[in-house]
J.: 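Before we start, here is the structure in question, set down as structure tokens.
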Protein chains: 2
Amino acid sequence: MKLTTKSRYAVTAMLDIAYHNKGNPISLPEIADRQNISLSYLEQLFSRLKKSGLVESIKGPGGGYMLSKGADDIVISEVIQAVDEDLETTACNGKSNCHNNHQCISHNLWQDLGVEIKNFLSDITLQQVISKNNSDIKEIKLSEY
Amino acid sequence: MKLTTKSRYAVTAMLDIAYHNKGNPISLPEIADRQNISLSYLEQLFSRLKKSGLVESIKGPGGGYMLSKGADDIVISEVIQAVDEDLETTACNGKSNCHNNHQCISHNLWQDLGVEIKNFLSDITLQQVISKNNSDIKEIKLSEY
DNA sequence: TAATAGTTGACAATATTACTAGGTTAAATC
DNA sequence: GATTTAACCTAGTAATATTGTCAACTATTA
């Protein structure tokens with residue numbers, strides 16, 4: 001799992017929608033303004049988010065984007081995966097003929113690391129992040145670590 | 001903590017040295033060949049690794065790079081930090097005036113995530129990765145998760 | 001001492017990715 | 001129906017990542 005500003009923008013935007021959602025769609029210009037992200041960039045990100053089925057769109061005035069599932073049903077990892085293709089986790093590309101090959105000693109580390117990060121991010125829903133002072137996340141952290 | 005291919009290259013190269021080290025320095029062309037990383041790029045990465053004090057270099061024939069500490073004394077996170085500057089973890093840049101501001105709801109998530117990843121990577125040494133079939137890492141994983 | 005194998009550093013060149021700008025289309029309101 | 005608002009699409013530019021080249025400089029070896 002690759003972690004860049006792109007991932008963060010996508011998550012931030014999704015959080016913004018979840019946070020401000022009151023049944024009505026949220027427009028990208030709104031998000032762009034609130035979160036200080038370029039509108040064009042947001043459009044590209046949301047193109048992917050839509051393709052991945054995470055959001056639905058309504059055109060025209062009053063339109064915008066809505067989460068296609070509940071905020072407690074969308075985890076951070078799927079948002080990131082929607083906009084950022086996976087990082088090749090190993091030099092060998094994860095090929096199975098790489099077992100115990102000294103040319104690919106980092107295979108396991110990156111594999112494991114990827115799994116760890118993904119696990120961490122798969123345990124956190126948009127709703128949990130939004131919940132005041134993030135007590136939910138703190139709980140996760142304390143119990144898991 | 002930003003995670004990109006660059007980070008992986010650096011870690012992979014360090015692991016290669018640790019793995020092949022028998023008291024003698026390891027040359028970059030060797031690593032480039034074994035790990036399929038461009039020599040030029042390796043040179044740039046090792047320039048940083050040296051500046052950070054993680055490796056020492058020996059010039060001339062038979063020269064190359066050596067770890068400046070034991071492989072069990074170098075953790076993955078410091079390798080990554082040496083080559084990759086930190087990712088801004090939040091849109092607000094972590095400024096303290098951002099508390100409970102709805103414009104920066106993702107603040108805590110990214111902060112926490114960064115800490116988690118760093119913790120994970122700070123618990124793993126080069127030596128642990130190299131140890132056959134990574135039993136050490138598995139142990140860490142099981143106990144922590 | 002000459003030749004060689006290696007590091008080191010400075011650039012330039014290319015490739016890939018991040019980000020921006022502008023136009024087109026769809027729906028709503030006036 | 002004209003205007004507005006917003007999604008959508010197609011580029012372009014800017015920034016990084018990656019590779020390539022060349023010229024010192026250093027130690028080894030013959």
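Sequence lines set the chain letters: A, B, ... in the order given, protein chains first and strands last, and positions in each chain run from 1.
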J.: Looking at CZ of B:R34 and NE2 of B:H20, how far apart are the two atoms once the value is rounded to the nearest 0.5 Å?
T.: 3.5 Å
J.: Output the rounded distance in Å from CG (A:N36) to C1' (C:dC19).
T.: 14 Å
J.: Would you mind classifying the nucleic acid contact of A:P25 as base, sugar-phosphate or nothing, using non-hydrogen atoms under 4.0 angstrom?
T.: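 No contact.
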J.: With a 4.5 Å limit on heavy-atom distance, are the side chains of B:I74 and B:T125 in contact?
T.: no
J.: Base, sugar-phosphate or nothing for A:Y65? Non-hydrogen atoms, less than 4.0 Å.
T.: sugar-phosphate
J.: For the residue pair B:S77 and B:I80, establish whether any side-chain heavy-atom pair is separated by less than 4.5 Å.
T.: no
J.: Going 5' to 3' along DNA chain D, which nucleotides are the first and last within contact of chain A (any atom under 4.0 Å from a heavy atom)?
T.: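 Taking any atom under 4.0 Å from a heavy atom of chain A, the span is D:dT4 to D:dA11.
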J.: Provide, to the nearest angstrom, the distance between the NZ atom belonging to B:K50 and the P atom belonging to C:dT7.
T.: 11 Å
J.: Measure from CZ on A:F46 to P on C:dC19 and round the result to the nearest Å.
T.: 15 Å
J.: Taking the side chain as every heavy atom from C-beta outward, state whether B:I26 and B:D16 have any atom pair closer than 4.5 Å.
T.: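 Yes, close enough: below the 4.5 Å cut-off.
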J.: Say you draw a straight line from CG of A:L126 to CG of A:D73; how long is it, rounded to the nearest 0.5 Å?
T.: 10.0 Å
J.: Please list every donor-acceptor pair under 3.5 Å in which a side-chain atom of residues 53-64 of chain B meets a protein atom from a residue at least two apart or in another chain.
T.:
from  : atom 1 : to    : atom 2 : distance (Å)
B:S57 : OG     : B:K50 : NZ     : 2.9

J.: Taking the side chain as C-beta and beyond, is there a heavy-atom pair between A:Y65 and A:L49 under 4.5 Å?
T.: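 Not touching, per the 4.5 Å side-chain cut-off.
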J.: Once you round it to whole Å, what is the distance between C1' of C:dT17 and CG of B:D84?
T.: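 That distance rounds to 14 Å.
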J.: If I compare all heavy atoms of B:K6 with all of B:D84, which pair ends up nearest, and what's the gap?
T.: CD-OD1, 3.7 Å
J.: Between protein and nucleotides 20-30 of chain C, map the contacts as a letter string: B base, S sugar-phosphate only, - none, heavy atoms under 4.0 Å, written 5' to 3'.
T.: BBB--BSBB--
